[in-house]
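Here the structure comes first, spelled out in structure tokens, and everything after it is commentary.
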Amino acid sequence: MSERRYALIDCNNFYASCERVFDPRLLGVPVIVLSNNDGCVVARSAEAKALGIKMGVPFFQIEPFCKRNSVRVFSSNYTLYGDMSRRVMRVLASWAPAMEVYSIDEAFLDVSHFEEDQLQHELTSLRARVHMWTGIPVSIGVGRTKTLAKIANDIAKKGAGVAVLTQAQEPHAMTDLPVGDVWGIGRRLTAALEPLDIATASQLRDADTRQLRERFNVVVERTVMELRGVDCMTLTDVTPARKTLMVSRSFGDKVTALADLEAAVSTHSARAAEKLRAGRQIAEHLEVFMHTSPFDRTTRPYTARATVALPHATADTRLIAGTALQLARRLFKPGHRYAKAGILLVGLSDAAKATPTLFASTDDRRSRALMNALDKLNADYGRGAVRFASTKMGKAWRIRVDRRSRSYTTRWDELPVATTEPPRVRTITA
DNA sequence: TCTGGGGTCCTAGGACCC
DNA sequence: TCTGGGGTCCTAGGACCC
């Protein structure tokens with residue numbers, strides 16, 4: 001049985017390459033793509049990189065430079081990039097038995113079944129095929145683990161476009177590689193590793209894992225193991241459902257009035273609920289955040305963020321927006337110039353599999369009425385079908401009914417429960 | 001004057017329950 | 001002044017990624 005091998009396919013300068021597909025005149029000239037509000041540079045063609053334009057640089061700082069050097073500048077078009085991404089992924093999926101889409105412009109393929117000497121040839125032709133069918137240039141790196149494939153991909157980018165990193169070549173590839181270039185080691189960790197005399201990938205590979213784990217966390221330990229060739233991040237074939245969903249924007253003009261902040265929060269809420277429904281999901285909690293500009297040194301910084309439980313899991317725009325607005329009003333402090341606000345939906349689940357939820361109005365969890373209700377539901381749906389959740393929302397306790405029975409019809413008012421006010425009954429369906 | 005948006009995972013600490 | 005232990009859930013915050 002041959003050893004496991006991963007190929008990482010990474011689209012070169014993805015957003016800039018997408019723009020080029022639709023305008024060949026952009027070939028060979030410097031191209032950059034800007035973030036929302038045309039704030040920062042988020043993609044650069046090779047020519048733009050050669051001019052020294054850095055990733056993430058604020059556009060206003062380089063605008064005159066771009067004019068002088070005839071750099072073609074684009075606002076981002078995420079609809080286009082998403083569409084191009086799907087085209088690339090389709091080509092890859094038709095070639096590989098197992099694949100994981102890692103981001104909009106990257107995918108891991110399992111290439112364990114190839115002989116090492118075939119790989120170079122096979123992947124070179126895959127690369128040509130992706131380019132021919134989609135117009136997008138890609139780089140391909142192969143390694144024994146995902147982390148090593150990432151290193152191989154960097155080598156591919158600087159060379160022939162395809163790099164197969166064999167075990168024998170690993171030490172050489174890691175000797176002079178700055179530790180910050182290793183996947184999973186960011187700015188903070190690089191700085192924290194420096195006093196431990198860990199500055200290169202090979203020094204990290206040879207470091208004491210127990211010590212690193214105590215000093216940092218399991219993520220760092222896993223990275224070290226991956227550098228040693230121990231596969232810790234296996235391929236996840238099915239893309240897992242998203243667990244959180246965020247909608248946020250920087251303000252074009254700084255916001256000082258509550259009314260403007262409320263307008264933004266309700267717009268973001270509506271958009272978030274829309275995205276939720278598009279993915280057939282519902283959310284349990286929401287977070288609202290707002291903050292002043294971290295770059296503004298002239299005023300006091302202010303940042304506020306808080307999470308609340310929604311009354312029940314939902315994708316309902318009005319409920320989400322209403323809850324978010326209440327929270328936003330609580331968090332808003334006058335006298336600040338807000339630069340950004342957003343909403344984060346947390347605890348997402350599949351709407352089709354969602355548990356119908358009944359709300360009972362009672363103060364007493366142990367009340368006879370509720371116990372009767374549980375008995376009745378258990379009798380109807382089988383023992384254990386109903387469980388009592390200990391979550392208290394205001395004065396209401398929540399009963400959950402497992403959705404084993406698709407023929408769920410029981411209504412609250414049919415239950416032998418005495419309530420002083422009409423209970424709300426929610427059945428969440430697909 | 002102007003500095004993105006959207007995710008993941010891990011950990012710590014407090015609340016709460018039995 | 002002493003006054004349990006263990007488990008889980010929730011929230012906040014910090015690191016990373018593209």
Under 3.5 Å, which protein N or O atoms sit close to an N or O of nucleotides 15-18 of chain C? Give each pair with its distance.
from   : atom 1 : to       : atom 2 : distance (Å)
C/dA15 : OP2    : A/Arg188 : NH1    : 3.0
C/dC16 : OP1    : A/Gly186 : N      : 3.1
C/dC16 : OP1    : A/Gly186 : O      : 3.3
C/dC16 : OP1    : A/Arg187 : N      : 3.3
C/dC16 : OP1    : A/Arg188 : N      : 3.1
C/dC16 : OP1    : A/Leu189 : N      : 2.8
C/dC17 : OP1    : A/Gly184 : N      : 3.0
C/dC17 : OP1    : A/Ile185 : N      : 3.4
C/dC17 : O3'    : A/Trp183 : NE1    : 3.4
C/dC18 : OP1    : A/Lys150 : NZ     : 2.7
C/dC18 : O3'    : A/Ser103 : OG     : 3.2
C/dC18 : O3'    : A/Asp105 : OD1    : 2.7
C/dC18 : O3'    : A/Glu106 : OE1    : 3.2

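- Across C/dG4 and B/dC16, the matching C1' atoms stand 15 Å from one another, rounded to whole Å.
- Ion pair A/Arg72/A/Glu47 not flagged as a salt bridge, since none of the NZ, NE, NH1 or NH2 atoms sits closer than 4.0 Å to an Asp/Glu carboxylate oxygen.
- The phosphate of C/dA12 has OP1 or OP2 within less than 4.0 Å of a side-chain N or O from A/Thr307.
- A/Asp231 and A/Tyr6 share a donor-acceptor pair across their side chains, judged by distance under 3.5 Å alone.
- For the pair A/Phe295 CZ and B/dC2 C1', the interatomic distance rounds to 11 Å; values are reported in whole Å.
- Taking atom CD of A/Glu287 as the reference point, atom C1' of C/dG14 lies 13 Å away to the nearest angstrom.
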Output one line per pair: protein atom, nucleotide atom from nucleotides 5-10 of chain B, and distance, for all N/O pairs under 3.5 Å.
from  : atom 1 : to       : atom 2 : distance (Å)
B/dG5 : OP1    : A/Ser250 : N      : 2.9
B/dG5 : OP2    : A/Ser250 : N      : 3.2
B/dG5 : OP2    : A/Ser250 : OG     : 3.0
B/dG5 : O3'    : A/Arg249 : NH1    : 3.4
B/dG6 : OP1    : A/Arg249 : NH1    : 3.3
B/dG6 : OP2    : A/Ser248 : N      : 2.6
B/dG6 : OP2    : A/Ser248 : O      : 3.1
B/dG6 : OP2    : A/Ser248 : OG     : 3.2
B/dG7 : OP1    : A/Arg242 : NH1    : 2.6
B/dG7 : OP2    : A/Met246 : N      : 2.6
B/dT8 : OP1    : A/Lys243 : N      : 3.0
B/dT8 : OP2    : A/Thr244 : N      : 3.4
B/dT8 : OP2    : A/Thr244 : OG1    : 2.8
B/dC9 : OP1    : A/Lys243 : NZ     : 3.4
B/dC9 : OP2    : A/Lys243 : NZ     : 2.9

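- A heavy-atom distance below 4.5 Å is not found between the side chains of A/Phe59 and A/Ser35.
- Note: NE2 (A/His268) to P (B/dG4) measures 13 Å, nearest angstrom.
- Using a distance-only test at 3.5 Å, with no hydrogens or angles considered, a donor-acceptor pair links the side chain of A/Ser76 to the main chain of A/Leu34.
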Give DNA chain C the dot-bracket treatment, 5' to 3': Watson-Crick (N1-N3 with N6-O4 or O6-N4) or G-U (N1-O2, O6-N3) under 3.5 Å, [ ] crossing, | other strand. ....||||||||||||||
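- A heavy-atom distance below 4.0 Å to DNA chain C is reached by none of the residues of residues 320-335 of chain A.
- At least one donor-acceptor pair closer than 3.5 Å links the side chain of A/Thr292 to the backbone N or O of A/Tyr302.
- Salt-bridge annotation for A/Asp10 and A/Lys157: present, with a side-chain N of the basic residue lying under 4.0 Å from a carboxylate O of the acidic one.
- A/Thr209 and A/Glu221 form no side-chain donor-acceptor contact under 3.5 Å, judged by distance and modelled atom types alone.
- Taking 4.0 Å as the cut-off between side-chain N and carboxylate O, A/Asp350 and A/Arg280 do not count as a salt-bridged pair.
- Partner of A/Thr147 under the side chain to side chain donor-acceptor pair (under 3.5 Å) criterion, out of A/Glu226, A/Arg222, A/Arg205: A/Glu226 alone.
- A/Tyr81 and A/Tyr15 have parallel rings, their planes meeting at less than 30° on a 0 to 90° scale where 60° marks the start of perpendicular.
- The stretch residues 52-69 of chain A comes close to DNA chain B through A/Pro58, A/Phe60, each having a heavy atom under 4.0 Å from the strand.
- Enclosure of atom CZ in A/Arg277 by more than 12 non-hydrogen atoms of other residues, nucleotides or ligands within 6.0 angstrom is indicated.
- Between A/Leu212 and A/Leu204, the closest side-chain pair of non-hydrogen atoms falls below 4.5 Å.
- Judged by distance alone, with hydrogens and angles left aside, the side-chain atoms of A/Arg20 form a donor-acceptor pair with the main-chain N or O of A/Leu26 at under 3.5 Å.
- Inspection of the A/Thr166 and A/Gln169 side chains reveals an N or O donor paired with an N or O acceptor under 3.5 Å.
- Rounded to an integer number of Å, the gap from CG of A/Asp253 to P of B/dC2 is 9 Å.
- Proximity of a side-chain donor or acceptor of A/Thr323 to a complementary backbone N or O of A/Leu310 within less than 3.5 Å is not detected.
- Looking at residues two or more places apart in sequence or on another chain, you find a salt bridge (charged side-chain N to carboxylate O under 4.0 Å, His left out) between A/Arg271 and A/Glu274.
- Nearest nucleotide to the A/Val42 side chain, out of B/dC2, B/dG4, C/dT11: B/dG4.
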